[in-house]
K.L.:
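Following this message is one structure expressed as structure tokens.
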Amino acid sequence: MIDPVTLEEQYGAHNYHPLPVTIAHAEGAWVTDTGGQRYLDCLAGYSALNFGHRHPALIAAATAQLGRVTLTSRAFHHDQLGPFCAELAALSGKDAVLPMNSGAEAVETALKLARRWGYLVKGVPDGRATIIVADGNFHGRTISIISFSGDAVAHDNYGPYTPGFRSVPYGDAAALEAAIDDTTVAVLLEPVQGEAGVIVPPPGYLAAVREACTRNDVLMIADEIQSGLGRAGATFASQRAGVVPDAYILGKALGGGIVALSAVVTDRAIMDVITPGTHGSTFGGNPLAAAVGRAVVELLAPGDLQQHALDLEPALRERLEPLRAHGLVGLRVHGLWAGLDLDPALGTGRDLCEKLADHGVLAKDTHGSTIRLSPPLTVTTTELDWLTERLTLALKSLAA
Ligand SMILES: *Cc1c(COP(=O)(O)O)cnc(C)c1O
């Protein structure tokens, strides 16, 4: 048999640069490679695996649904969509759900919803709507989304770009409000910027943005695709800041690590600007995805996982802090989520992730010398001890 990675390099597009680990099996917070080596998964599918790999309740829900019906298209009703929307709305404190598949599609959906709301409700002149975003954002990979990305690698050579976006410094509410004018329909923000390196905005920022949006009749849209569903130690990172946005964008963990499932969750009055035929998706809200999504919501409904992530935040911080003695120059911890800046003199984030893999931990650099840790929310303090021990060894081997 030809090595699978050789085949991937020969026949696959080269749009990723994976670490040299070939996963063959996974369970809970652990994965096993084709050679039988085990790793603690501290990327967890960029937070798509918040419940760990193959969570029994999620596998059971998927398996049961595989035995009933998997796809209908939205041309017909099916018996999972309504309950999924109702249960996700209840979890979110909202009353309308529009399901899609990938995160980027849900972001696109929110942008379309905001523009349509701007024209039909706010009364912005047709074709003039603007949406405010933040520098350092990551919202996905479509043409419109990369049009307002400041990341040259993601952005360059994909023009012509979609107009109608203004980017302002993240964390500066005054700059954001100054960018609002009569054409502004929405502000789109990550409550914590994940890809930027787990950047937590200054206290009061999200609340000030909320006030500015309310004052100026602008929708506040929180992209909680990575920060939501427990990662930040609450159902939503917005919640920890005491803020209720007009719309949440969800994805990643919503599909339980089994299916691609995303959604925009908002108020009925806003959602109703979308009418039959004006937006859609063949796979959006399909029976299999909806059944898995319902099981995900059921896992989150009691709040225990979110509380576990919040409880482990100080445990994670106190374990990572001492690593400053071993070349860590920056550290941000929020829930079970950490951004670590390595002293660039020691190497890049990639170098550190390669050393970590050698020591049995999977993590991913975001850019430069920054890496992100986002273990499954089911991780234990014993596993955090093990992670810290391995991280120390990896840092020491970089310094050697
Ligand atoms: C991952 C991510 C997206 C894009 O999701 P895809 O499923 O990769 O399209 C959008 N926003 C945020 C904050 C993300 O982390």
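Along the sequence shown, residues carry numbers from 1. Numbering of ligands and ligand atoms starts at 1, following listing order.
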K.L.:
Name the residue from L88, V264, L81 that meets the side-chain contact (heavy atoms from CB on, under 4.5 Å) definition with V97.
P.N.:
L88
K.L.:
Just wondering, are more than 12 heavy atoms of other shown residues or ligands nearer than 6.0 Å to CD in E27?
P.N.:
no
K.L.:
Could you find the nearest protein heavy atom to atom 9 (O) of ligand 1 and give me its residue, atom name and distance?
P.N.:
A104 N, 2.8 Å
K.L.:
Is any N or O atom of G103, backbone or side chain, closer than 3.5 Å to an N or O atom of ligand 1?
P.N.:
yes
K.L.:
Which donor-acceptor pairs under 3.5 Å do the side chains of residues 41-62 make with protein atoms, sequence neighbours left out?
P.N.:
residue, atom, partner, partner atom, Å
D41, OD1, L43, N, 3.1
D41, OD1, A44, N, 2.8
D41, OD2, H53, NE2, 2.8
S47, OG, R231, NE, 2.9
N50, OD1, R231, NH2, 2.8
N50, ND2, L229, O, 3.1
R54, NH1, A26, O, 2.6
H55, ND1, A57, N, 3.1

K.L.:
Within the structure, does at least one protein heavy atom fall under 4.0 Å of atom 5 (O) of ligand 1?
P.N.:
yes
K.L.:
Could you establish whether F138 and ligand 1 come within less than 4.0 Å of each other, counting only heavy atoms on the residue side?
P.N.:
yes
K.L.:
Of L176, I131, D181, which is the lone residue that meets side-chain contact (heavy atoms from CB on, under 4.5 Å) with R166?
P.N.:
D181
K.L.:
Please say whether D223 places an N or O atom under 3.5 Å from an N or O atom belonging to ligand 1.
P.N.:
yes
K.L.:
In this structure, are over 12 heavy atoms from other groups packed under 6.0 Å from F283 atom CZ?
P.N.:
no
K.L.:
Suppose we call two aromatic rings close when their centres sit under 6.0 Å apart. Are Y170 and Y205 close by that rule?
P.N.:
yes
K.L.:
List ligand 1 atoms under 4.0 Å from K252, heavy atoms only on the residue side.
P.N.:
1 (C), 2 (C), 3 (C), 14 (C), 15 (O)
K.L.:
Based purely on interatomic distance, does E190 place a nitrogen or oxygen under 3.5 Å from a nitrogen or oxygen of ligand 1?
P.N.:
no
